[in-house]
Amino acid sequence: AEAELRLRPPRTVVGVPGTAVLTVRAGALPMLNPVVSTTSWSGRSAVRLPVVAPRQQHVETVDLPARRRGVYAVGPVVHEVQDLLGLLRRRAVWADEVELLVRPRTVQLESLSTGVMSDLEGAPSDRLSASDLAFHALREYVPGDDLRHVHWRASARSGALVVRQYQETTRSHATVVLDVDPASYDGDDDFELAVSVAASLAWRATLDDFEVTWVTGAVDVTSSEPDTLLDHACRVTSGPDPDLTARARRVVGTAAGTSLVAVVSGARRDGAVLRDAASVFGSGPRRVVVRADSASASRLEDSDGLRVVRLSRLDHLVTLLDREIR
């Protein structure tokens with residue numbers, strides 16, 4: 001006999017329950033009402049399955065209640081056999097545990113590109129490419145070159161095939177710095193609001209074709225894939241981190257040429273620290289500071305010479321950020 005445990009879907013969002021699907025397959029002998037158990041954050045649950053005929057399978061679903069953001073283990077699946085008196089018991093693991101990723105709640109923001117990117121084609125690099133946006137020069141054709149890049153007019157004048165050579169352009173870059181120090185927030189709910197804000201900004205940036213560096217305490221993630229960043233958001237935890245500016249400075253090299261910097265913190269963090277953290281990337285990028293502060297009204301304000309979005313609810317971010325970016 002064997003079993004398989006799958007989560008459908010393997011990722012969910014805060015407040016949205018998940019489902020575990022257990023598929024049990026019998027071998028050459030029938031399975032007579034086997035008892036299987038699995039564990040999750042809601043505890044251990046056992047279920048007695050119906051008789052499974054030889055070489056047949058049975059599918060059982062287990063509802064997983066909604067949870068807070070995080071990464072949760074579901075399983076392993078254990079088959080339990082005991083004698084009639086309950087004196088002897090044998091347990092066999094049929095399926096290993098799997099991870100359920102519970103992502104933070106996010107909001108769909110307007111494009112961050114408007115007013116942020118000074119050059120939609122990106123900044124040119126020193127590398128040459130057979131195909132990119134920035135035209136560089138013409139060179140003689142060599143076997144294997146893409147015929148789509150042949151410059152036919154120049155080829156006719158010279159009597160030999162020549163192709164266009166391009167200069168690679170660098171990808172537009174955004175940097176999101178999330179303050180993970182619990183001392184910066186008025187409670188766990190404000191920290192979770194900050195995570196949702198940072199995840200929403202990172203997600204929107206990838207949709208705008210930015211590469212994103214997301215700084216979360218001692219962990220940095222750089223990616224242009226939204227799933228990578230949203231999965232990372234599941235694993236973000238709070239912890240003492242007094243030097244936010246040092247965290248931002250650590251990725252200045254990685255995020256060279258960044259065109260947008262977002263610093264996300266709470267109501268208790270010193271405004272001067274937020275200004276310094278946003279300023280380590282220079283004066284070129286567009287800088288956005290968001291404070292998660294559920295006890296105050298959502299608004300735009302000036303603090304230490306920096307424009308700040310003070311946010312009490314996630315859905316207010318759409319309007320306030322649109323005003324700030326534009």
Side-chain angles (χ1 to χ4, degrees), residues 104 109 112-113 115-118 123 170-186 190-206 208 210-224 228-230 232-233 235-293 300-311 317 320-321 324-325:
L109 301 172
L112 301 175
S113 297
V116 175
M117 297 172 62
S118 58
T170 57
R171 189 183 189 90
S172 299
H173 198 284
T175 304
V176 178
V177 180
L178 173 64
D179 188 351
V180 299
D181 195 331
S184 299
Y185 300 91
D186 279 331
D190 276 9
F191 177 68
E192 290 302 319
L193 174 58
V195 174
S196 289
V197 169
S200 297
L201 289 167
W203 178 36
R204 177 67 254 183
T206 62
D208 289 336
F210 282 71
E211 185 175 59
V212 179
T213 294
W214 190 359
V215 183
T216 54
V219 180
D220 311 329
V221 174
T222 298
S223 179
S224 58
T228 299
L229 296 170
L230 291 176
H232 172 66
R235 304 180 187 276
V236 172
T237 58
S238 62
D241 191 19
D243 199 343
L244 186 65
T245 304
R247 295 299 187 196
R249 190 176 292 114
R250 187 183 65 225
V251 299
V252 169
T254 304
T258 192
S259 53
L260 173 65
V261 176
V263 179
V264 184
S265 185
R268 294 178 175 237
R269 178 67 85 169
D270 189 339
V273 173
L274 299 180
R275 179 197 60 207
D276 292 344
S279 298
V280 300
F281 297 90
S283 58
R286 183 66 165 153
R287 292 175 290 182
V288 177
V289 173
V290 182
R291 284 183 181 270
D293 183 6
L300 290 174
E301 60 185 20
D302 293 311
S303 176
D304 295 291
L306 196 66
R307 194 77 161 153
V308 175
V309 178
R310 189 173 290 271
L311 201 67
L317 181 65
L320 293 179
L321 188 64
E324 173 58 16
I325 288 289

For [X], give me all partners under side-chain contact (heavy atoms from CB on, under 4.5 Å), at least two apart in sequence or on another chain.
{"X": "D243", "value": "T245, A246"}
{"X": "T237", "value": "none"}
{"X": "S196", "value": "P104, R105, L314"}
{"X": "S238", "value": "P182, F191"}

* To do: Indicate yes or no for a side-chain donor-acceptor contact from R291 to the backbone of S265 under 3.5 Å, with no hydrogens or angles considered.
  => no

* **Donor-acceptor pair, side chain of S172 and main chain of F210, under 3.5 angstrom** =>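 The answer is no, because no donor-acceptor pair under 3.5 Å joins these two groups.
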
* Structure fact -> So the salt bridge (charged side-chain N to carboxylate O under 4.0 Å, His left out) pairs with at least one residue in residues 172-185 (sequence neighbours excluded) are D179-R269

* Name all pairs fulfilling the side chain to side chain donor-acceptor pair (under 3.5 Å) condition that reach into residues 276-285, sequence neighbours left out, sorted by first residue then second. =>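 Side chain to side chain donor-acceptor pair (under 3.5 Å) check on residues 276-285 returns S279-R287.
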
* Structure fact -> Across all chains, not counting sequence neighbours, the side chain to side chain donor-acceptor pair (under 3.5 Å) partners of S223 are none

* Could you pull out all residues at least two apart from R268 that satisfy side chain to side chain donor-acceptor pair (under 3.5 Å)? =>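 Applying side chain to side chain donor-acceptor pair (under 3.5 Å) to R268 gives D186.
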
* Determine whether the side chains of T222 and T213 contain a donor N or O and an acceptor N or O closer than 3.5 Å. =>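 There is such a pair (donor and acceptor under 3.5 Å, judged by atom type) between the side chains of T222 and T213.
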
* Which residues pass the salt bridge (charged side-chain N to carboxylate O under 4.0 Å, His left out) test with R235, sequence neighbours left out? ->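 Salt bridge (charged side-chain N to carboxylate O under 4.0 Å, His left out) check on R235 returns E99.
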
